[in-house]
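See structure below.
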Amino acid sequence: MTSLEILQKTLKGYDVLNLSGCTLDEVLYYVGEHQAVYAEIGNDEVVLIVGYGPENVELYDPSAGSVHLMNLDTANDVMSAAGNRFLSYVPAAASQ
């Protein structure tokens with residue numbers, strides 16, 4: 001199963017959004033709305049974008065089980081190089 005299919009199957013009551021092709025700046029809208037954004041960063045590595053500020057993004061790394069900050073410019077470069085592959089979700093009622 002793909003990551004999109006897994007999220008669609010497990011996130012009951014939510015619509016999963018394929019935001020692939022969007023920029024990091026664009027997907028930060030969802031983070032601002034208190035929705036994590038799943039981001040592929042290459043070599044089968046993924047992170048969840050869980051927060052951001054003027055200079056950094058806050059990333060949860062599930063493989064390490066930890067949260068760390070990454071400079072916004074660096075994050076943009078890393079995610080762009082990985083193809084800007086993002087997923088997020090919204091409550092199902094919000095998409096009606």
Query raised in the report: Does OH belonging to Tyr60 count more than 12 external heavy atoms closer than 6.0 Å?
Result: yes
Query raised in the report: Can you tell me if CD on Glu5 sees more than 12 non-hydrogen neighbours from other groups inside 6.0 Å?
Result: yes
Show the nearest heavy-atom pair for residues [X] and [Y], with the distance to one decimal.
X     : Y     : answer
Val46 : Asp61 : O-OD1, 4.3 Å
Gly42 : Ala82 : N-CB, 3.7 Å
Cys22 : Val27 : CB-CG1, 3.8 Å

Report summary line: Residues passing the ring pair (Phe, Tyr, Trp, His ring centres under 6.0 Å) test with Tyr30, sequence neighbours excluded, are none
Query raised in the report: Can you find a side-chain donor-acceptor pair between Ser3 and Tyr38 that sits under 3.5 Å?
Result: yes
Query raised in the report: Taking atom types as modelled and ignoring hydrogens, do the side chains of Thr23 and Asp25 form a donor-acceptor contact shorter than 3.5 angstrom?
Result: no
Spacing of [X] atom [atom1] and [Y] atom [atom2] [to the nearest 0.5 Å]:
X     : Y     : atom1 : atom2 : value
Thr2  : Gln8  : OG1   : CD    : 7.0 Å
His68 : Glu58 : NE2   : CD    : 10.0 Å
Leu11 : Ser88 : CG    : OG    : 9.5 Å

Is the shortest side-chain heavy-atom distance between [X] and [Y] below 4.5 Å?
X     : Y     : answer
Glu26 : Leu19 : no
Leu59 : Val67 : no
Val37 : Leu48 : no

Query raised in the report: Is a donor on one side and an acceptor on the other found under 3.5 Å between the side chain of Thr10 and the backbone of Ile6?
Result: yes
Query raised in the report: Is a side-chain donor or acceptor of Asn43 paired with a backbone partner of Glu45 at a separation under 3.5 angstrom?
Result: no
**Report entry** Ile49, Asp77, Asn84, Val78 screened by side-chain contact (heavy atoms from CB on, under 4.5 Å) with Leu24, the one that passes
**Finding:** Ile49
Query raised in the report: Val57 pairs by side-chain contact (heavy atoms from CB on, under 4.5 Å) with which of Leu72, Asn71, Leu69, Val50?
Result: Leu72
Query raised in the report: Cluster question for you: counting only ILVMFWY and a side-chain heavy-atom cut-off of under 4.5 Å, with indirect links fine, are Met70 and Tyr52 together?
Result: yes
Query raised in the report: Among the clusters formed by ILVMFWY side chains lying less than 4.5 Å apart, do Ile41 and Phe86 turn up in the same one?
Result: yes
Query raised in the report: Given the rule in the side-chain contact (heavy atoms from CB on, under 4.5 Å) test, do Leu17 and Leu87 qualify, once you have shown the distances and angles that lead to the verdict?
Result: CA-CA 6 Å; Leu17 307 173; Leu87 301 172; over 6 Å; no
